[in-house]
**Student:** 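Here it is, the structure in full.
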Amino acid sequence: MAVLAVAAVGVTAVVLVAVAVNRGSGTDGHSANASGSPSTTSLSAADCPVHPTNPPWSPPAHEGDSAKFIGDITLPDCTRVGPRQTVTKVWRLKNAGTVPWRGYSLHRLDLPQQPDQCQTVSDVPIMDTRPGEMVDIRTDITTPKKPGLCYVRFKMMEGSGQVAFPGGRPLNFQVIVG
């Protein structure tokens, strides 16, 4: 599961860094957008897995906050899913810092959602997680009717609505519809 590696800075950095760290250096020919991830406008099933680039480093919103990507519990990258199906994606993260996660969530980046994209809620709540604990984060995904690659990215937000790990790669899922 190459979606996420481990981020020493935080979940977004960890999850995001993990997502991108295992994905490569961004030298695969895809263009990057402002969030440091490849443009999703020209991706197809042949592009799976997507190899995002690393965003510029920046500290977490709270000193001592850190996250570690443990793994994809369901739907590893490039899993094939039928059109118009609803499936559940689960990521496992560890609060690797000294800051409790209270009111944290994952916020979808590519909003508003288009009809030809996988559909999810915009904000996925994360159960309160003390330092050293692991948490499973789940969201339902409804695939579009058209075959192709669904590549969806989320950033971890802390309780007051700030991006928790601005320098980390987004947490993502990649499924092939068809």
**Student:** Looking at side-chain heavy atoms only, is the closest gap between Cys48 and Leu149 below 4.5 Å?
**Tutor:**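 Cys48 vs Leu149: side chains touch.
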**Student:** Flag the pair Trp91 / Phe154 as yes when their ring centroid distance falls below 6.0 Å, and as no otherwise.
**Tutor:**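 Yes: the rings meet the under 6.0 Å criterion.
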**Student:** Check Arg108 against Leu111 and note the closest heavy-atom contact, atom names and distance.
**Tutor:**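 Smallest heavy-atom distance, with atoms named: O-CD1, 3.4 Å.
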**Student:** Show the numbers, then the answer: is there a side chain to side chain contact (heavy atoms under 4.5 Å, CB included) between Trp101 and Val135?
**Tutor:** CA-CA 10 Å; Trp101 297 343; Val135 63; 4.0 Å; yes
**Student:** Taking all non-hydrogen atoms of both residues into account, name the closest pair between Ala61 and Val163 and its distance.
**Tutor:**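 Nearest heavy atoms, Ala61 then Val163: CB-O, 3.5 Å.
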**Student:** Are Val90 and Ile126 joined in one hydrophobic group, where the rule is that I, L, V, M, F, W and Y side chains link up if heavy atoms are under 4.5 Å apart?
**Tutor:**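 Val90 and Ile126: separate clusters.
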**Student:** Please confirm whether the backbone N or O of Ala164 pairs with a side-chain atom of Lys155, one donor and one acceptor, at under 3.5 Å?
**Tutor:**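 Judged by distance alone, no pair lies under 3.5 Å.
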**Student:** Please check: side-chain N/O of Gln113 versus main-chain N/O of Thr120, any donor-acceptor pairing under 3.5 Å?
**Tutor:**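 Side chain of Gln113 to backbone of Thr120, a donor-acceptor pair under 3.5 Å: yes, one is there.
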**Student:** For Asp140, enumerate each residue passing the side-chain contact (heavy atoms from CB on, under 4.5 Å) test, keeping only those at least two apart in sequence or located in another chain.
**Tutor:**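 Expected list: Thr86, Thr88.
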**Student:** Does the Asp47 side chain pair with the main chain of Ser44, one donor and one acceptor, at a distance under 3.5 Å?
**Tutor:**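 Yes, the answer is positive, given that a donor and an acceptor are paired below the 3.5 Å cut-off.
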**Student:** Looking at Glu158 and His62, would you say the former's side chain and the latter's main chain have a donor-acceptor pair under 3.5 Å?
**Tutor:**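 No: the side chain of Glu158 does not pair with the backbone of His62.
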**Student:** Is there a side-chain contact between Asn172 and Tyr151 in this structure, where contact means two heavy atoms from C-beta onward sitting under 4.5 Å apart?
**Tutor:**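 Side chain of Asn172 against side chain of Tyr151, heavy atoms only: contact under 4.5 Å found.
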**Student:** Could you walk me through whether Ile141 and Leu75 pass the side chain to side chain contact (heavy atoms under 4.5 Å, CB included) check?
**Tutor:** CA-CA 11 Å; Ile141 302 162; Leu75 300 174; 4.0 Å; yes
**Student:** For Gln114, give me all partners under side-chain contact (heavy atoms from CB on, under 4.5 Å), at least two apart in sequence or on another chain.
**Tutor:**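 Counting only residues at least two positions away or on another chain, Gln114 forms a side-chain contact (heavy atoms from CB on, under 4.5 Å) with Pro112, Asp116, Gln117.
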**Student:** Distance from Met134 atom CE to Ile70 atom CD1, nearest 0.5 Å?
**Tutor:**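 Going from the CE atom of Met134 to the CD1 atom of Ile70 covers 5.5 Å.
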**Student:** Should Met156 and Tyr104 count as side-chain neighbours, where that means a heavy-atom distance under 4.5 Å?
**Tutor:**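 The answer is yes, as the side chains (C-beta and beyond) meet within the 4.5 Å cut-off.
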**Student:** Is a donor on one side and an acceptor on the other found under 3.5 Å between the side chain of Lys89 and the backbone of Thr74?
**Tutor:**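 Checked: pair present.
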**Student:** Please enumerate all residues that pass salt bridge (charged side-chain N to carboxylate O under 4.0 Å, His left out) together with Arg102, with sequence neighbours excluded.
**Tutor:**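 For Arg102 there are no salt bridge (charged side-chain N to carboxylate O under 4.0 Å, His left out) partners, ignoring immediate neighbours.
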**Student:** Once salt bridge (charged side-chain N to carboxylate O under 4.0 Å, His left out) is applied, do any residues pair with Asp136, and if so which ones, sequence neighbours excluded?
**Tutor:**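 Only Arg92 meet the salt bridge (charged side-chain N to carboxylate O under 4.0 Å, His left out) criterion with Asp136.
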**Student:** Please give me the minimum heavy-atom distance between Cys78 and Pro49, naming the atom from each residue.
**Tutor:**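 That closest heavy-atom pairing would be SG-N, 3.3 Å.
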**Student:** Can you get from Ile137 to Met127 by hopping between Ile, Leu, Val, Met, Phe, Trp and Tyr side chains that sit under 4.5 Å apart?
**Tutor:**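 Hydrophobic grouping puts Ile137 with Met127.
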**Student:** In this structure, would Val87 and Val152 fall into the same cluster of hydrophobic residues linked by side-chain contacts under 4.5 Å?
**Tutor:**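 Same cluster.
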**Student:** Once side-chain contact (heavy atoms from CB on, under 4.5 Å) is applied, do any residues pair with Thr143, and if so which ones, sequence neighbours excluded?
**Tutor:**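 For Thr143 the side-chain contact (heavy atoms from CB on, under 4.5 Å) partners, ignoring immediate neighbours, are Val81, Gln85, Cys118, Val177.
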**Student:** Does the side chain of Thr79 reach to within under 4.5 Å of the side chain of Ile176, using non-hydrogen atoms?
**Tutor:**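 A side-chain contact under 4.5 Å is absent here.
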**Student:** Can you name the side-chain contact (heavy atoms from CB on, under 4.5 Å) partners of Pro131, sequence neighbours left out?
**Tutor:**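 Asn95, Pro100.
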**Student:** Heavy-atom distance under 4.5 Å between the side chains of Thr129 and Lys94, does that happen here?
**Tutor:**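 Counting from C-beta outward, Thr129 and Lys94 never come under 4.5 Å.
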**Student:** Just do the side chain to side chain contact (heavy atoms under 4.5 Å, CB included) check on Asp123 and Leu106 with the steps written out, would you?
**Tutor:** CA-CA 6 Å; Asp123 291 285; Leu106 295 179; over 6 Å; no
**Student:** Within the 4.5 Å heavy-atom criterion, are Pro60 and Ser66 side-chain neighbours or not?
**Tutor:**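 Not in contact.
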